[in-house]
Protein chains: 2
Amino acid sequence: MSRRSDVLEFAVLGLLRESPMHGYELRKRLNSSLGVFRAFSYGSLYPCLKTLVAQGWLTEETASASQDGPAVPLAGRRAKIVYRLTAEGKEHFEELLAQTGPEAWEDEHFGVRFAFFGQTSRDVRVRVLEGRRSRLEERLDKMRTSLARTRERLDDYTLELQRHGMESVEREVRWLTELIESERAGRDERPSGAAGSQETGGLPRDRDSTRPDPSDDTAN
Amino acid sequence: MSRRSDVLEFAVLGLLRESPMHGYELRKRLNSSLGVFRAFSYGSLYPCLKTLVAQGWLTEETASASQDGPAVPLAGRRAKIVYRLTAEGKEHFEELLAQTGPEAWEDEHFGVRFAFFGQTSRDVRVRVLEGRRSRLEERLDKMRTSLARTRERLDDYTLELQRHGMESVEREVRWLTELIESERAGRDERPSGAAGSQETGGLPRDRDSTRPDPSDDTAN
DNA sequence: TTCGTCATGTAATGGGTTACATGATTAC
DNA sequence: GTAATCATGTAACCCATTACATGACGAA
């Protein structure tokens, strides 16, 4: 029970499933991998970690200066607290991964769910994408009828705003449709782990800048 | 001072500037005109109205069954409370309209600001649009460098999510650019009131369904 | 008379940020 | 030695939603 926010919990479990980490790093990963959609501060992260430990899904390991494998500069600053997923934690996360209801495709959740599609089985992926799409279509319907009822008393700018909003949603629907189709057409089934080859969505993909730049982090 | 949420306050003042209204109707207008971006519940609206009254920006008129002009069925149910903008309220709203800082183009504010562009002077409009655009470009930059730093350890889905996010932002930037250009090219200057002619954004515009449908409203 | 919608409110709760407090370690 | 970054936390606050309480009015 104990509805502690869901998405933060989910994301933390998911990231820790990949490898143990301490809070500070966790937050950075959180805000870069998933951060396009959501950013969390320590003020929410640390308390969340505590409750997850209390739940038995994580263990704290106070790795105070010891054990360094390779010639890596070091991995033992202060008394860092490394969080590791327990067996129950993993099991719990697996359950969350399998969910296909509104808790998977509503606005706040969809982003994180998608981010962990790599660990999600294909049929769940498809169901989540379809759920999301019909949610958006439903919303489009509402917007359209609402627009139809009010268009005459709205001025140009409000109208343009509405139009742009609808267009964005329509675009997202098309995106989802493409994803669904390419999931259906997809060949290999590999339920977990980050696979190597390209071809996730059959979409154009890629054309970005390349600049190393160790600046980052905002807030708190 | 008293940072009571800003956007709700702004929207309420703006809507009441057009005509006096009671809370219930106000909320409906709020959630249809601006609602693509934000929805408010009575739990926030009514307290907000109270503080605006306390501030001297609104007056409450308890229109308890009286005065009906035309043969309109009626406009006097229970003791409705009609809110009306005072002179100071109008002045205050005018000041808010003139603001061009971050309080105008940050995510939470931009939508409402745009919705009231009809009452905003052209140069303020342009400055707000430009501010918004550079904010988004800044964000794009961060996303790009962050992507460049992390792309190899991200799996396909995370990457696709990132890609889609960036594409959306890029699209919004293009939208803003078009709007800015058409503002610059625009002929007539009419600072307030909803003007008639088309050509707000020089964009394609229009192709939607038409269905009357008196169903609406969700929540609370 | 009962249901739906109009209409106004409030208290509890939730979910999160900000600001603060503290301190170790590294790079200059 | 000092600034930046790594690192962990907490308390105060903010903003809004949920759920609830209340009640009038119109239509079936």
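Quick note on labels: first sequence line is chain A, next is B, and so on, each numbered from 1. Predicted model only: the values in this text are computed from it and were never measured.
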Once you round it to whole Å, what is the distance between [atom2] of [N] and [atom1] of [X]?
X	N	atom1	atom2	answer
Leu49(B)	dG9(C)	CG	P	8 Å
Met21(A)	dA7(D)	CE	C1'	15 Å
Asp6(B)	dC14(D)	CG	P	12 Å
Lys28(B)	dC6(C)	NZ	C1'	9 Å
Glu60(B)	dG9(C)	CD	C1'	12 Å
Leu45(A)	dT10(D)	CG	C1'	14 Å
Leu34(B)	dA16(D)	CG	C1'	17 Å
Arg27(B)	dG9(C)	CZ	P	15 Å

Parallel, tilted or perpendicular: rings of Phe10(B) and Phe116(B) (30°, 60°):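 Ring orientation of Phe116(B) relative to Phe10(B): perpendicular.
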
Parallel, tilted or perpendicular: ring planes of Phe114(B) versus Tyr157(A), cut at 30 and 60 degrees: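 Geometry flag for Tyr157(A) against Phe114(B): perpendicular rings.
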
Side chain of [X] (C-beta onward), nearest among [options]:
X	options	value
Ser5(A)	dT18(C), dT8(C), dG15(C)	dG15(C)
Tyr42(B)	dC6(D), dG9(C), dT17(D)	dG9(C)
Tyr24(A)	dG9(C), dA7(D), dT5(C)	dA7(D)
Arg38(B)	dG15(C), dT8(D), dA16(D)	dA16(D)
Phe40(B)	dT17(D), dG16(C), dT10(C)	dT17(D)
Ile81(A)	dG9(D), dT5(C), dT17(D)	dG9(D)

Check ion pair Arg17(A)-Glu94(A) (N to O, under 4.0 angstrom):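 A salt bridge is present here (some side-chain N lies under 4.0 Å from a carboxylate O).
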
Candidate pair Glu167(A) and Arg171(B), rule salt bridge (charged side-chain N to carboxylate O under 4.0 Å, His left out), full reasoning: CA-CA 11 Å; Glu167(A) 195 181 285; Arg171(B) 271 198 77 260; 2.2 Å; yes

5' priority, DNA chain C, between Lys50(B) and His22(B) [closest heavy atom]: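 Upstream on the strand: His22(B).
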
Side-chain N or O of Ser44(A) closer than 4.0 Å to phosphate OP1/OP2 of dT17(C):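 Ser44(A) to dT17(C) OP1/OP2: side-chain N or O found under 4.0 Å.
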
side-chain N/O Tyr46(A) vs dT8(D) OP1/OP2, d < 4.0 Å: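 Checking dT8(D) against Tyr46(A), a side-chain N or O does come within under 4.0 Å of OP1 or OP2.
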
Geometric cation-pi criterion, Arg27(B) with Phe40(B): 6.0 Å, 45°: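 Here Arg27(B) fails the 6.0 Å and 45° test against Phe40(B).
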
